[in-house]
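Have a look at the structure below, then the notes.
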Amino acid sequence: MRARGLVETTDPEFPRPVFRQPGFDGILTAKEMDEKISAWLKHTREAKGISRADVAHLLGLSVTVYGRYERSEGRMTVPRLIHLCEIMGFMPLDMLFDTAPHLWGKTPEEAEERRTLTRLIERLPPETMRDLIRLLKRMTPGEEGSEAVATSVSEGR
C-alpha cells in the first residue's frame, strides 16, 4: 500500500474503509468524483454545441436518463462511456484527467505536461508516431525491446 502511495480513508458510499491515493487537493469522495465527472460532461457537451436531447437520442436514452449523468444522479457503465466518447469525440482520459489529475504526475505541473504530451501524440500522423515510439524506446532505460529497436534502427531497418 505504501509503495503505491495509498492511504486508508472512509467514504460515506462504502461501508468499510477504502485505500486511496491522495490527489492534489486531498482525497475526493465518490460523490465528489461523480460531481466532477458530471460537470465535465455538461461543460464538454455545451462547448461542442450539442443539446442534451441530441446526446440522449444518439445514446438511445431518454433526455431524463441522460440528464442524470450530468446532474451526478446516475453512473454510467464503461460501455456507455465508450459510446459517449464516440458521439462527442473525446477520449476517456480527458474526463478522467479532469477528475483525477494526480494519476498523471506527482505535481499539477507534471500532470499537465503529461496530458499535453498525450494530446500532441494523439494528433501525430501514424508514421511519425511509429518513429517517436522507436525514439522513446531507445531513450527509456530498461524499456522492453529498447535494445532490439536500437539495433534495427542503427542497421537501417
Side-chain angles (χ1 to χ4, degrees), residues 1-124 126 128-129 132-133 135-137 139-146:
M1 291 183 288
R2 283 193 181 117
R4 295 189 98 18
L6 301 175
V7 295
E8 185 174 338
T9 188
T10 59
D11 189 314
E13 201 151 316
F14 304 108
R16 292 183 266 206
V18 295
F19 294 83
R20 298 278 318 281
Q21 187 180 62
F24 301 133
D25 298 321
I27 297 175
L28 298 179
T29 64
K31 181 175 176 38
E32 290 168 326
M33 287 188 284
D34 284 340
E35 289 167 352
K36 280 185 160 252
I37 290 168
S38 295
W40 189 91
L41 283 173
K42 182 178 180 180
H43 171 78
T44 300
R45 178 186 54 75
E46 289 174 345
K48 292 183 178 287
I50 306 171
S51 73
R52 189 180 280 176
D54 286 342
V55 173
H57 172 74
L58 293 169
L59 286 171
L61 300 173
S62 69
V63 177
T64 304
V65 171
Y66 175 73
R68 290 180 190 146
Y69 296 145
E70 289 190 8
R71 291 188 306 274
S72 73
E73 295 170 358
R75 289 185 176 157
M76 70 181 74
T77 62
V78 172
R80 178 87 64 213
L81 172 61
I82 292 168
H83 191 184
L84 196 56
C85 290
E86 293 168 349
I87 290 167
M88 297 211 317
F90 68 84
M91 298 294 286
L93 290 179
D94 296 329
M95 183 176 68
L96 295 176
F97 181 84
D98 195 64
T99 305
H102 64 282
L103 297 175
W104 275 258
K106 294 180 181 166
T107 66
E109 295 78 19
E110 181 183 344
E112 190 57 48
E113 287 171 350
R114 286 182 191 273
R115 182 65 194 122
T116 298
L117 182 60
T118 302
R119 285 184 173 146
L120 290 169
I121 290 169
E122 287 170 353
R123 294 186 198 123
L124 291 176
T128 304
M129 195 167 27
L132 181 58
I133 289 168
L135 175 64
L136 290 173
K137 282 187 174 183
M139 294 171 60
T140 307
E143 175 66 27
E144 184 180 317
S146 61

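- For Glu35, the salt bridge (charged side-chain N to carboxylate O under 4.0 Å, His left out) partners at least two apart in sequence or on another chain are Lys31.
- Atom CG in Leu41 sits 12.5 Å away from atom CZ in Arg71 (nearest 0.5 Å).
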Side chain to side chain contact (heavy atoms under 4.5 Å, CB included) between Val7 and Ile27, intermediate numbers included: CA-CA 9 Å; Val7 295; Ile27 297 175; 3.3 Å; yes
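- Under the salt bridge (charged side-chain N to carboxylate O under 4.0 Å, His left out) criterion, Glu13 pairs with Arg75, not counting sequence neighbours.
- Between Leu103 and Leu96, the closest side-chain pair of non-hydrogen atoms is not below 4.5 Å.
- Contact record, Ile50 with Met88: CD1-CG, 4.2 Å, taken as the closest heavy-atom pair.
- Scanning all heavy atoms of the two residues, the minimum distance from Asp98 to Lys36 falls at O-NZ, 3.7 Å.
- Atom-to-atom distance recorded for Leu132:CG and Lys137:NZ is 11.5 Å, nearest 0.5 angstrom.
- Between the side chain of His102 and the backbone N or O of Gly26 there is no donor-acceptor pair closer than 3.5 Å.
- Of all the heavy atoms in Gly5 and Pro22, the pair that sits closest is O-CD, 3.4 Å.
- Under the salt bridge (charged side-chain N to carboxylate O under 4.0 Å, His left out) criterion, Arg114 pairs with Glu110, sequence neighbours left out.
- Between the side chain of Thr140 and the backbone N or O of Leu136, at least one donor-acceptor pair lies under 3.5 Å.
- Counting only residues at least two apart or on different chains, the ring pair (Phe, Tyr, Trp, His ring centres under 6.0 Å) pairs with a member in residues 22-52 are Trp40-Phe90.
- No donor-acceptor pair under 3.5 Å is formed between the side chain of Thr9 and the backbone N or O of Val18.
- Using a 4.5 Å heavy-atom cutoff, the side chains of Tyr66 and Leu58 are not in contact.
- Remark: Lys42 engages no residue in a side chain to side chain donor-acceptor pair (under 3.5 Å) (not counting sequence neighbours).
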Under the side chain to side chain contact (heavy atoms under 4.5 Å, CB included) rule, what do Tyr69 and Ile37 come out as? Steps first, then yes or no, please. CA-CA 8 Å; Tyr69 296 145; Ile37 290 168; over 6 Å; no
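- A donor-acceptor pair is defined here as one N or O able to donate and one able to accept, closer than 3.5 Å; such a pair exists between the side chain of Thr99 and the backbone of Met95.
- Leu28 approaches Met33 most closely through the heavy-atom pair CB-CG, 3.9 Å.
- Here the CD1-CZ distance, from Ile87 to Arg80, works out to 9.0 Å after rounding to the nearest 0.5 Å.
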Mind running side chain to side chain contact (heavy atoms under 4.5 Å, CB included) on Leu59 and Val65 for me, showing each step along the way? CA-CA 10 Å; Leu59 286 171; Val65 171; over 6 Å; no
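- Leu6 and Gln21 get closest at one heavy-atom pair: CD2-N, 3.7 Å.
- Leu117 contributes atom CG, which lies 11.5 Å from atom CZ of Arg119 (distance to the nearest 0.5 angstrom).
- Without hydrogens or angle criteria, Asp11 side chain to Thr29 main chain gives no donor-acceptor distance under 3.5 Å.
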Could you go step by step and tell me if Leu84 and Val55 meet the side chain to side chain contact (heavy atoms under 4.5 Å, CB included) rule? CA-CA 8 Å; Leu84 196 56; Val55 173; 3.7 Å; yes
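- The distance from atom CE of Met91 to atom SG of Cys85, rounded to the nearest 0.5 Å, is 7.5 Å.
- The two atoms that bring Pro101 and Ala111 nearest to each other are O-CB, 3.3 Å, heavy atoms only.
- Within the structure, side chain to side chain donor-acceptor pair (under 3.5 Å) contacts touching residues 45-60 (residues at least two apart or in different chains) are Arg45-Glu70, Ser51-Asp54, Arg52-Glu70.
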